[in-house]
Structure formats: structure tokens, C-alpha cells
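The first residue of the sequence shown is numbered 1, and numbering continues consecutively from there.
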Amino acid sequence: MAMQRLADIDMSAVLDRRFHPSPAAWEDEVLYFLLLDRFSDGREAGVRGNDGGLVAGGTTRPFRPGDAGNAVGTEEAARAWRDAGGRFAGGTLRGLEAKLGYLSRMGVTAIWLSPILKQVASQQTYHGYGIQDFLEVEPRFGTREDLRSLVDTAHELGLRVVLDVILNHTGDVFAYNADRHLVGEPGNQWMDPWWDGRPYEVSGYRDKDGRPTLPFAVIDLDTHPDAWPDGAVWPAELQDPQTFTRRGRIRDWDHDPEFLEGDFKELKDVHQGQGDVDGYRPSPALEAITQCYRHWIAYADLDGLRVDTVKHMDLGATRYFTSVIKEFAVSLGKENFYLIGEITGGRQRAVETMEVTGLDAALGIDDVQDKLEYLVKGVRNPADYFALFRNSTLVGKQSHTWFRNHVVTMFDDHDQVRKGPAKARFCADPGADALLPAVFALNTLTLGIPCIYYGSEQGFDGAGDDDQYLRETIFGGPFGAFRTTGVHFFDEDAPGYRTLAELLELRRARLALRRGRQYLREISGNGVDFGVPTMIGGRLKSVVPWSRLFNGGEILCAINTDSAQSRTAWVTVDNDLHRAGDQMNCLYSTDPGQVGTEVTVQARNGKAVLVTVAPGGVIVLE
């Protein structure tokens, strides 16, 4: 049934079911972030189904090395490929449901699903962040029934589903009638509505064709029947003009209050309420949007939410949303329903935001992605990354293990704000694919909730001056990875996929790798002079080791940031847990010949072992 108003939500119907319980500990989970439009259209040939068997049919064949660049052979073809990257590509909920086995076999345990609610019909917001109707699924993705089926199948396969949600803004649902800030050249000038602290007049809500022909008010469907379903904003409660701040787009992303009340590019900022955190009064718009998400949690049996653009929201608004959602989830039996906030800025700010608002975990803490990626590439000191999880007194915590379930770690992502206009996946650098084992190990075997960005397991190498180049399709279509068209990349024999599967299996089998304390270890070339690995001459080509300690046991992990040759070093281990002459067994190595071998603990720098790590590789000892 179509829902136009909040009163149309039949909560009794969606509550009449048994709900999937929360995981005991989110640090045991492994997230996989995907943009639904770019993942699967269900037409791939030669793939394995959710049961592991080969799926018959399909029209898109697997990628072969000679296919690279097949979409950019001419300038005209290259332009078509680039243009396709800015439009909906065709991924669907049903396509994703058919690939859940691909994720499960890789070791993923939770899907972070990009926003799936209905977008402005006339616009190409394939990423899902431009919502026009908070009570309907985007029809280009499928139906609400498809969403429920996806989550049910995920639960059957042992996968959780975390939905990306937006509170801060809607899509570009109205047009300004700007009266200031003239820009452009003579003969081609217009008023550019940017934030200056004052509200703007509005021309009207956009109709189904994107024109601002609808009144900027609660729509009378008898007078404007074409406003439903593709015009204005829905549910109807959000059509009140007071829903929006109407102050134009943000230009200074660090200026307060500009970044709180300005528009996120063309997306329209929602007025969330007013007051300090403890006395915050949510706006009717925030209450309405929160009610919509309560509905989706129950309807689809979701396991968590990733809250977009928390930096741009009032702390009181975030706390209100968190409180309402947590209470609702507990009423469904979801005692550990997780809320992950996109909190950019330093670690102290992120921790304080979580403390004040009740969010469970944060993305973007102190640029985790930058420190993780560039440590492995040898241009950051390891201490910069490992220090993110230490100095716990700075954030009022007694143990740095607190970070194990409050920080989401990843190295590739969908917008790379940190890189400015020069977007590039990890593998875009020449030869970086040889370092994938090292970056996967650092991501998955250190503290935090690891998150893999879709396509990283296949070595995607997108790069360019726009976010779209980080958003290639796995399923083929007109904007395939490696500048291709017509071929897919669901290759479970790909080196990256296999390495990641092995590391995640090891993580699953060893509690210390999920919950243990963590220490960056000192190294030595001569067995006498020890120190933490550090760049020399601006480069780090070295063994980088760390230990995970749990309940009287130690697991030693090490990567090699040199992709050209093996590296050997003496590595410090815990002095009290080992005696000289003890043996440590190799649980895993990218050099298969090392697996099952032993190294002897010696009395050096307290206690140490001699470790050799393959080029760009990983070794794990216990």
C-alpha cells in the first residue's frame, strides 16, 4: 500500500513477526560497504549462487585480463563510459540478494548497504543520498518486498544488514529564488545561493520533471494530483516549509554555524530542532524522519544503521534520534542494535560526540583511512596509525581496548573527502596491488570493526577527479571497473578475494585478533638495537609488527611494506608471556612454505623472535 503520510504506516502489521537478534559483540563482525546501484544487476554468468553451486544462465561474462580498457578505446567511447558513471547503472536489491554467498564465503559478516529510499525521479542520485520519499524504496533498486527478502536471506546466511540513513538533508526537492550573489560572466550570469546566514526565498517544490512548479507548502493532491509520487517531498508532513533551513549551500565546511544549517551541495538541509543538548527540542521534521526509520527497522528487520553526515547535525538532534531508535530496537529484542556515525575530525571530537549522543561507533576518526593506506604504502610512520588506539587517558578511558568496538576502520571508501579533487582507490598507484595482502591484514587484524569497500577484494583501481571513479560497477554494465563494459568481476579465485577470505577465517578462529589489546612492536636488524619501525628518508620499506594480547596469550602479526623483496627483522614480543627457547608457530603467511613452521624466542630486548615477511606480505605467529 502506498504511504503518503505518517498515519499510513501500519506498525501493528510490521511488528507482527519474530525479529533477528543482535550480535553479542560488534567487534566480531566484518563490514562490507557497497553502493547498491554498482554491485549486481543479477545478470552475471558463471557465478556461484548462495548455496555455492554454479548458477545457470546470465548474459554478462566474467572479466578476463585482456578486457581491461575495452570501454575507452576511442575518445567518444571513453566519454560515454565517463558519462555512464554519473548515472544509475542498474544494480538492484535482487541482484545483491543473489550475491550474498559471494560475501559470506569471503568471510564478511555484515553488509553496510547504501541508502535505498526513493530518490528525486528527475535526478541521477544513484548513490542514494538524495531522498525524496522516506517511506518508499527507490524503484530503480526494486521494491520494499525485495528489501525484506534481501535481509531475510542475509540472516539465513549469517549476515547482518546495516542500512545507511540520512537525517541531515533531503534530496534536491525544491529550487531557490535567489536574490543575491551574482556569479558568472556578462551574458551568462545567475544568482548563486550560498550560505550567508540569511534564508532565501523558494520558487517551489520540484515536479516529476524537476521543474519548481509545485507550491512550496503542504500539497493539495486534488489541486496538484501529479505531485504524487514523484514531486515535492514525502511523507506529506515534510512538505511544511519549516522543514528546511533554506539558507543555501555550504562553502566553508568548517565554519560554524554554516556547516550545520547550510545545504550539503544541492541537497536540502533539514531544520532539526533547537536548544542545547540536554534541553533539545526536535523539530516536527526530525520526529517525522525518525518515525520513518523506525518503520524500516521493523519492516526489514535491520541490524543497525550508519548515520550520514553527523558533523552537520546538532548534537541534540543526533542524541534524540539515537535515543528513540535504541529504545525501539530494544522493544524488538535487538539489545545491541548498532548505530555507526560518520563523524569527521579528530579522535577527541569523535569520542566526545559518541559520548554525548549515544552513537556506538564512528567512521572518519582522525583520518583512519589515510594513516592505514599510506602506512602500507610506506609514506606514514606506523606509530601514526597505532597511536589512534592508544593514549586512552586523552579520551577518559582506562583501556585502549575500548576502541575495539567504537571505531570502524577502512582504507578505500566512496568519496575520499580526505584526498580532495584527486580521488584514487588503493590499487590506483602502480604496483599497489602487490600490497593488498598487507593492507588487508592491517585493516582486519588490528583493533576496530573492519570494513571492506566493495571491489577492493578484486583490486579495483578507479581514479579521477570525481567520486564516480571510486564507484565502478562489479556487475559490468556501461561503467565497469578497469574502464570496461560488458564484463563482471565476481571472481572468487581472485588473489585479493582469496587472501581476504584466509585472513577473515583466521580472525574468526582467534578471539585475540578480534578483542585483544594491541601493541606496535619494536624491531631490530642486528638483534641488539631496537626501535619502532620508522620512515628513513621519507620512505618506509620494513617489517611492521604488532601484537594482540588476550587472556595470557599473544598473537604476533607482521606486514612487509616493501613489495619488491622479503624483509627480515628481530621483533619484540611480550617479555612476561614467553621464555627464551619457547617456540611460536606460524598460523598464516603469504609465503605458504612458512605455515606450520616455528621460530624460537630469544632473550633480546626482553624477548624477541626473528621474522621474515614476503614482499608486500603478511605473517601471523602464535
- Using only heavy-atom distances, determine whether the side chains of R471 and Y126 contain a donor-acceptor pair under 3.5 Å. yes
Tell me, yes or no, whether the heavy-atom count around R94 atom CZ, taken from other residues, nucleotides or ligands under 6.0 Å, exceeds 12.
no
S40 and K99 side chains, donor-acceptor separation under 3.5 Å:
yes
Q | Pair F489 + F475: ring centers closer than 6.0 Å | A | no
Discussion item. A quick test of your reading: do over 12 heavy atoms of other residues, nucleotides or ligands sit less than 6.0 Å from CD of E75?
Written reply: yes
_Would you say the rings of F490 and F39 are close, in the sense that their centroids are separated by under 6.0 Å?_
yes
Would you call R79-E76 a salt bridge at under 4.0 Å N-O? no
Checklist line | N-O pairing of D28 and R514 below 4.0 Å | finding: yes
If we ignore hydrogens and angles and just use 3.5 Å, is the side chain of R521 paired with the main-chain N or O of V532 as donor and acceptor? no
Looking only at side-chain N and O atoms, does D164 offer a donor or acceptor that is under 3.5 Å from a partner on Y129?
yes
Q. Does the side chain of R517 come under 3.5 Å of the side chain of Y519 through a donor N or O and an acceptor N or O?
A. yes
Those residues at least two apart in sequence (or on a different chain) that pass side-chain contact (heavy atoms from CB on, under 4.5 Å) with V108 are Y32, L103, M106, L159
In terms of side-chain heavy atoms, does E29 have a donor or acceptor partner in T109 at a distance below 3.5 Å? yes
Using atom types as modelled, flag every donor-acceptor pair under 3.5 Å from a side chain in residues 420-442 to any protein atom, sequence neighbours excluded.
unit_1: K423; atom_1: NZ; unit_2: D415; atom_2: O; d: 2.7
unit_1: K423; atom_1: NZ; unit_2: Q416; atom_2: O; d: 3.3
unit_1: K423; atom_1: NZ; unit_2: G420; atom_2: O; d: 3.0
unit_1: K423; atom_1: NZ; unit_2: D467; atom_2: OD1; d: 3.3
unit_1: R425; atom_1: NE; unit_2: E472; atom_2: OE1; d: 2.9
unit_1: R425; atom_1: NE; unit_2: E472; atom_2: OE2; d: 3.4
unit_1: R425; atom_1: NH1; unit_2: Y454; atom_2: O; d: 3.0
unit_1: R425; atom_1: NH2; unit_2: Y454; atom_2: O; d: 3.0
unit_1: R425; atom_1: NH2; unit_2: L470; atom_2: O; d: 3.1
unit_1: R425; atom_1: NH2; unit_2: E472; atom_2: OE1; d: 3.2
unit_1: D429; atom_1: OD2; unit_2: K377; atom_2: NZ; d: 2.8

Please evaluate residues C557 and Y588 with respect to the criterion side chain to side chain contact (heavy atoms under 4.5 Å, CB included), reporting the C-alpha separation (whole Å), side-chain torsions for both, the decisive distance (0.1 Å), and the verdict.
CA-CA 9 Å; C557 308; Y588 176 82; over 6 Å; no
Residues R498 and D491 bridged, charged N to O under 4.0 Å: no
CG/L54: more than 12 non-hydrogen atoms of other groups inside 6.0 Å: yes
Residue pairs meeting salt bridge (charged side-chain N to carboxylate O under 4.0 Å, His left out), one or both in residues 148-157, sequence neighbours left out, come to R17-D152
Check: Any donor and acceptor pair, going by atom type alone, linking the side chain of S524 with main-chain N or O of N526 inside 3.5 Å?
Finding: yes
(request) Decide if the gap between the ring center of H488 and the ring center of F63 is smaller than 6.0 angstrom. (result) no
> Without hydrogens or angle criteria, can the side chains of E457 and Y102 be said to hold a donor-acceptor pair below 3.5 Å?
Replying inline: yes
| said: Is any side-chain heavy atom of L500 closer than 4.5 Å to one of I452? | reply: yes
Please determine if E373 and R418 form a salt bridge, counting it only when a charged side-chain N lies under 4.0 Å from a carboxylate O.
yes
Quiz item: Counting N and O atoms only, with roles assigned by atom type, does the side chain of T484 sit under 3.5 Å from a partner on the main chain of V487, one being a donor and the other an acceptor?
Solution: no
